[in-house]
A.B. asks: 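Following this message is one structure expressed as structure tokens.
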Amino acid sequence: MDRVRVSQDNLVFCAGHFMIFPEGSEPLHGHNYRVAVALEGELHEDMVMDFVALKRLVKGLVDELDHRVLLPTGHPRLRLAIGEDAVEAEVDGKRYVFPIGDVRLLPIPNTSAEWLARYLAGRLRARLPRALCLRSLEVEVEESFGQSACYREEIDAAAATSEASGGDRPGEQPGGSG
């Protein structure tokens, strides 16, 4: 199996966040996050994926998060009020109001490096060319030097190839409407 990996100085984003723990939430603070991505699979046109195209995809994803406050929409204790020009967040007796353009609402339960890696993996997977013959996707998010989280998921290359060729979709019965 072949593997490609991209990790460069421009695959970074600076963002504010706070974690919500069972015993309370931490203060609002920020990190200079670094992102690395690895793809494993069969060669397609003599490569797993073109480095330039992969870096462009990852750069687009990190740019969406850069210089924003990251708020999870899936935590039960975080109450969000989203207005036309502001987002109000309330958790554990703390209330924050941010201009809407400064916020990224993420469909995750918390803004840990682990959940950010999962989020980015899902966003990347949705943008990868369907013709690739991938077996796995891995995203690493480093929130500070020596402190990172990695999410890896296996990809069913046969299903991806079938989808790309117009075959059965996952969840459908083979051969039609079943």
A.B. asks: Rounded to the nearest 0.5 Å, what separation is found between the OG atom of Ser112 and the CE atom of Met19?
C.D. replies: 4.5 Å

A.B. asks: Are Val103 and Tyr33 linked, directly or through intermediate hydrophobic residues, by side-chain heavy-atom contacts shorter than 4.5 Å (ILVMFWY only)?
C.D. replies: no

A.B. asks: Of all heavy-atom pairs between Ala149 and Ala117, which one has the smallest distance, and what is that distance?
C.D. replies: O-CB, 4.2 Å

A.B. asks: Nearest 0.5 Å, please: how far is CG in Leu132 from CZ in Arg125?
C.D. replies: 13.5 Å

A.B. asks: Locate the shortest heavy-atom distance separating Gly83 from Ile100; write the atom from each residue and the value.
C.D. replies: O-CD1, 3.3 Å

A.B. asks: Going from CZ on Arg34 to CD on Glu143, what distance comes out if it is rounded to the nearest 0.5 angstrom?
C.D. replies: 14.0 Å

A.B. asks: Could you measure the distance from the OG atom of Ser136 to the CD atom of Glu153? Nearest 0.5 Å is fine.
C.D. replies: 9.0 Å

A.B. asks: Run the side-chain donor-acceptor check on residues 37-55: report pairs under 3.5 Å with partners two or more places apart or on a different chain.
C.D. replies:
unit_1: Asp50; atom_1: OD2; unit_2: Ala53; atom_2: N; d: 3.1

A.B. asks: Output the distance between atom CG (Leu124) and atom OH (Tyr119), rounded to the nearest 0.5 Å.
C.D. replies: 12.0 Å

A.B. asks: Please report the closest heavy-atom contact between Asp92 and Ser25, naming both atoms and the distance.
C.D. replies: OD2-N, 3.0 Å

A.B. asks: For Leu137 and Arg152, run side-chain contact (heavy atoms from CB on, under 4.5 Å): C-alpha distance rounded to whole Å, both residues' side-chain angles, the deciding distance at 0.1 Å, then the answer.
C.D. replies: CA-CA 6 Å; Leu137 162 69; Arg152 176 183 169 88; over 6 Å; no

A.B. asks: Does the side-chain contact (heavy atoms from CB on, under 4.5 Å) test come out yes or no for Glu140 and Arg5, once each step is laid out?
C.D. replies: CA-CA 11 Å; Glu140 181 178 4; Arg5 185 173 189 271; 3.2 Å; yes

A.B. asks: Run Gln147 and Glu142 through side-chain contact (heavy atoms from CB on, under 4.5 Å) and show every step you take.
C.D. replies: CA-CA 6 Å; Gln147 190 168 302; Glu142 181 183 76; 5.7 Å; no

A.B. asks: Residues two or more places apart in sequence or in another chain: which of them pass ring-ring contact (aromatic ring centres under 6.0 Å, His included) with His75?
C.D. replies: none

A.B. asks: For Phe21, is the CZ atom crowded, meaning more than 12 foreign heavy atoms sit under 6.0 Å from it?
C.D. replies: yes

A.B. asks: Do the ring planes of Phe98 and Tyr96 sit parallel (below 30°), tilted (30 to 60°) or perpendicular (above 60°)?
C.D. replies: parallel

A.B. asks: Asp66 side chain to Cys14 main-chain N or O, any donor-acceptor pair under 3.5 Å?
C.D. replies: yes

A.B. asks: Show your working on side-chain contact (heavy atoms from CB on, under 4.5 Å) between Leu116 and His17 and close with a plain yes or no.
C.D. replies: CA-CA 11 Å; Leu116 292 174; His17 85 126; 5.8 Å; no

A.B. asks: Within the distance-only criterion (no hydrogens, no angle test), does the side chain of Thr73 pair as donor or acceptor with the backbone N or O of Leu106 below 3.5 angstrom?
C.D. replies: yes

A.B. asks: Tell me whether Asn110 contacts the main-chain N or O of Ile20 through its side chain, where contact means a donor paired with an acceptor under 3.5 Å.
C.D. replies: yes

A.B. asks: Identify all side-chain donor-acceptor contacts of residues 84-91 below 3.5 Å with residues at least two apart in sequence or on another chain.
C.D. replies:
unit_1: Glu88; atom_1: OE2; unit_2: Arg95; atom_2: NE; d: 2.8
unit_1: Glu90; atom_1: OE2; unit_2: Arg79; atom_2: NH2; d: 2.7

A.B. asks: Kindly say whether Arg123 contributes a backbone atom to a donor-acceptor pair with the side chain of Arg127 at under 3.5 angstrom?
C.D. replies: yes

A.B. asks: Which value, rounded to the nearest 0.5 Å, describes the distance between Ser148 atom OG and Glu114 atom CD?
C.D. replies: 9.5 Å

A.B. asks: Looking only at non-hydrogen atoms, find the nearest pair between Glu138 and Cys150 and report the distance.
C.D. replies: CG-SG, 3.3 Å

